[in-house]
Amino acid sequence: MENIKQFFPIFDNNKGLIFLDSGASAQKPLSVINALDDFYKNDYANIHRGIYKLSDVASSMYDIARKKVCDFIGAGSPSEIIFTKGTTEGINLLASSFSSLLNAGDEIILSEVEHHSNLVPWQQVALKKNVVLKFIPVLSDGSLDYEWLRENISDRVKLVSVSGQSNVIGLKNDIEKIVSISHSVGAKVLIDAAQLICHYKVNVSELDVDFMVFSGHKIYAPTGIGVLYGKTQFLRELPPYQFGGDMVDRVSYDKATFKDIPEKFEAGTPPIAGAIGLGFAIDFINEFGMDKIERESLELTSYTISQLLQIDGVKLLSSSDANGVITFVVDGISSFDIGSYLAMKNVCVRVGKHCSEPLHLKFGVESSVRLSLGIYNDKSDIDTFIFELKKAISVIKGV
Ligand code: PLP
């Protein structure tokens, strides 16, 4: 988007910075930085514990942040919003709690495009509970094989957990289809929205997903804050994930009872400032509107892809219909060499397997280069990137 860099001090403080790694973590707008500064300087105290004014103010700021998240994702009630450290913790929370409802022989369906965060926790559940993991294949155009899902769904499947948008392929998955196929046998659906939430308006009620997770730091909020959304009834059915202060109702030396959601899943002092910062990041996003962010990100992505495909030897791993995430390799050249050259030119891209090792194995590549766009990127960033990429290729090839 044009002129948005002015809201992000990092660009003033790093002249010439071309930041194309927002899928790893996004830069922070001044409004979020100032909100944290103000909170720590003026209003800081622990929440839901003190009977003094500062604690009241901090508690209500934390509660307001929860309501902002609820409205942002279209949840039914703020109590369906559980604050976590991030996507990874959200999935681990669910894997730990949900596994207590599973029996040997039950099945969990993931897809072939998952981030390690939505793979490794379920592998651990499978090991401990003798649960079978199955994977929706990815097709050559980057979409998931929904027919495979239709054929493989059965009442043994208890959970279908897939990313809303892969961090390598960049294509939005058909969540409505996944939900309708999964719900036809009573399987629950978890959407890993770590990337999806950055580029698309998401409404959990309209999508009818049972659980969804995302990280604040990828949508301009501080690190250390994330969200697990769950339908009230299902969150209530799950046992707590961690135990300790603030999540208990009554405690004696030999037993304890637990509070209702959301506190039941927020043991100990939560990331108070992070949650408040997330609320301000949502305000920032809402000023532009997710519709506009989605549209402009799509336009910039297709411009980037068209420019990339004009370069000899470039092969896209991401879908040609990707949004905000563009992954590629260059024939005969190491992705690390490309990334290192670009880094010398102040162009920040991600190089490696992007926490998706099995998918890279499937593609038959050791590593790839990934650009991921944020609200502050514009055409001139892409033009600089393409210019430097062409130079990188000729320097590395020695031509
Ligand atoms: N899932 C996807 C699709 C991601 O892209 C990422 C991070 O890149 C994660 C999960 C993990 O997010 P976090 O490291 O914030 O927990």
Side-chain angles (χ1 to χ4, degrees), residues 19-28 69 73 82-96 108 110-124 135-136 138 142-144 159-175 178 189-200 202 209 211-229 241 270-271 274-275 277-278 281 297 301 317-319 322-327 348-360 367-374:
F19 191 76
L20 296 168
D21 196 21
S22 300
S25 199
Q27 298 298 341
K28 314 304 170 202
V69 175
I73 63 167
I82 312 297
F83 283 127
T84 64
K85 258 188 349 200
T87 305
T88 304
E89 191 183 44
I91 297 174
N92 276 276
L93 185 166
L94 203 64
S96 157
I108 294 176
L110 312 174
S111 87
E112 286 183 340
V113 304
E114 299 312 312
H115 188 282
H116 295 162
S117 296
N118 193 31
L119 169 60
V120 182
W122 302 115
Q123 290 174 341
Q124 294 302 307
F135 298 88
I136 309 174
V138 58
S143 63
L144 297 181
L159 181 74
V160 176
S161 181
V162 292
S163 57
Q165 187 187 14
S166 150
N167 63 312
V168 176
I169 291 177
L171 183 68
K172 183 181 176 193
N173 290 325
D174 191 338
I175 298 172
I178 293 166
V189 175
L190 163 63
I191 296 297
D192 169 357
Q195 297 296 331
L196 182 77
I197 198 96
C198 308
H199 309 115
Y200 290 96
V202 178
V209 299
F211 303 101
M212 186 175 86
V213 285
F214 65 93
S215 301
H217 69 95
K218 294 185 200 284
I219 53 165
Y220 316 106
T223 51
I225 184 71
V227 169
L228 163 67
Y229 156 81
Y241 165 56
L278 175 58
S297 165
T301 307
L317 301 189
S318 48
S319 155
N323 183 4
V325 177
I326 305 129
T327 314
C348 308
V349 297
R350 172 111 181 243
V351 175
K353 296 184 173 69
H354 323 302
C355 297
S356 296
E357 188 166 350
L359 186 58
H360 277 71
S367 63
S368 60
V369 183
R370 185 185 77 182
L371 279 76
S372 47
L373 308 179

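Numbering of ligands and ligand atoms starts at 1, following listing order. The analysis underlying the following values was restricted to heavy atoms, covering all of them including side chains, and did not include hydrogens, waters or symmetry mates.
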How would you list, by chain and number, the residues with a heavy atom under 4.0 angstrom from ligand 1?
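Contacting ligand 1 under 4.0 Å are Gly23, Thr87, Thr88, His115, Ser117, Asn167, Asp192, Ala194, Gln195, Ser215, His217, Lys218.
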
Mind checking side chain to side chain contact (heavy atoms under 4.5 Å, CB included) for Thr301 and listing every partner two or more places apart, or none if nothing turns up?
Ser297, Ile305, Ala322, Asn323, Ile326, Leu373

According to side chain to side chain contact (heavy atoms under 4.5 Å, CB included), who are the partners of Lys172, at least two apart in sequence or on a separate chain?
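Side chain to side chain contact (heavy atoms under 4.5 Å, CB included) check on Lys172 returns Leu196, Tyr200.
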
Taking NZ in Lys85 as the centre, count heavy atoms belonging to other residues, nucleotides or ligands within less than 6.0 Å. Is the count above 12?
no

Near-ring test His360/His354, centroid separation under 6.0 angstrom:
yes

Determine whether Pro270 and Phe83 make a side-chain contact, defined as any pair of heavy atoms from C-beta on separated by less than 4.5 Å.
no

Of all residues at least two apart in sequence or in a different chain, which pass the salt bridge (Lys or Arg N to Asp or Glu O under 4.0 Å) check with Glu89?
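Expected list: none.
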
